[in-house]
Amino acid sequence: SDVSYIRVAKAFDGEGCVDPFPNPHDQPQLPPRTSTSPVPLTVMWWMSLTPVADPSSAVGIQSRQLFRAALLTARRYAPLLEPHLLYLSTPDEDELSSWALSMGVTVYHRNLSFFHLLPLSMRGQPTAASFANYGAYGRLDVASLVGKLRAAGKLSANVHPDLLLYTDFDIVFTADPTPHLLALPPPAAYYGVSDYWGDGINSGVMFMNVSGMMRLRGPLLKYAQQRS
């Protein structure tokens with residue numbers, strides 16, 4: 001299936017990138033819904049991050065700016081997406097997670113379920129070099145976490161229970177992908193987009209089938225461990 005139009009989230013390619021919030025303190029205003037308005041089916045949107053060791057560093061500042069751009073454009077242009085953040089950190093809130101909560105994001109403080117399988121060099125305090133890569137592993141835990149929430153009856157009533165959109169945090173939204181995603185044939189495990197630099201899949205945008213990813217997770221981790 002051709003899912004290239006999932007790239008309504010464009011990552012700094014100079015095409016369609018605008019500043020929807022000239023004032024960085026502007027808050028997106030979602031349209032009011034009357035009591036007689038139908039509640040549309042929504043899709044969970046997930047990101048995964050790791051706190052930076054030094055938030056005042058260039059990496060720390062840039063990561064917050066990128067995350068802010070992703071979330072603000074999603075809330076303005078993709079209001080049907082239900083935002084979730086897997087925050088690979090201690091339970092204590094910090095500036096980033098507190099702001100995400102204020103923007104309506106559900107934040108989950110967790111460690112990786114397969115943390116013990118990571119190479120020793122990746123198990124310490126995140127550094128500027130390991131920040132992005134360590135957080136990126138969280139995409140392999142998202143489907144399992146959603147599966148547990150689903151089993152416990154903790155998903156929103158109008159959210160699709162078996163589909164989710166995962167993205168990296170260095171994206172912006174220019175439109176709501178929800179109607180397009182719900183019109184696609186459900187993926188066996190996930191759909192990705194073509195890599196800009198080759199013939200592979202860019203895992204920075206993934207449309208996941210929760211049940212399919214839960215089945216695939218074990219073989220994926222085993223494959224990764226064999227090659228680490």
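Of all heavy-atom pairs between M103 and L71, the closest is CB-CD2, 3.7 Å. Of all the heavy atoms in L49 and L96, the pair that sits closest is CD1-CD2, 4.0 Å.
Of the possible donor and acceptor atoms, one in the side chain of T73 sits under 3.5 Å from a partner among the backbone N and O of A69. Formation of a donor-acceptor pair under 3.5 Å by the S98 side chain with backbone atoms of E95 is not found in this model. No donor-acceptor distance shorter than 3.5 angstrom exists from the side chain of R110 to the backbone of G138, with no hydrogens or angles considered. Remark: side-chain polar atoms of D141 are not paired, donor with acceptor, to backbone N or O of L112 under 3.5 angstrom.
Residues passing the side chain to side chain donor-acceptor pair (under 3.5 Å) test with Y190, sequence neighbours excluded: none. Shown here are the salt bridge (Lys or Arg N to Asp or Glu O under 4.0 Å) partners of R139, two or more places apart in sequence or in another chain: D168. Scored by the ring-ring contact (aromatic ring centres under 6.0 Å, His included) test, H84 finds W46, Y108 as partners (sequence neighbours excluded). With sequence neighbours excluded, no residue forms a ring-ring contact (aromatic ring centres under 6.0 Å, His included) with F67. With sequence neighbours left out, the side chain to side chain contact (heavy atoms under 4.5 Å, CB included) criterion links L221 to F114, L140, R217.
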Donor-acceptor list for residues 142-153 side chains, cut-off 3.5 Å, not counting sequence neighbours:
residue: R150; atom: NH1; partner: P161; partner atom: O; Å: 3.0
residue: R150; atom: NH1; partner: D162; partner atom: OD1; Å: 2.6
residue: R150; atom: NH2; partner: S211; partner atom: OG; Å: 3.4

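Under the 4.5 Å side-chain heavy-atom criterion for ILVMFWY residues, a single connected hydrophobic cluster contains both L220 and L86. Grouping the Ile, Leu, Val, Met, Phe, Trp and Tyr side chains by contacts below 4.5 angstrom, directly or via other members, places F169 apart from I61.
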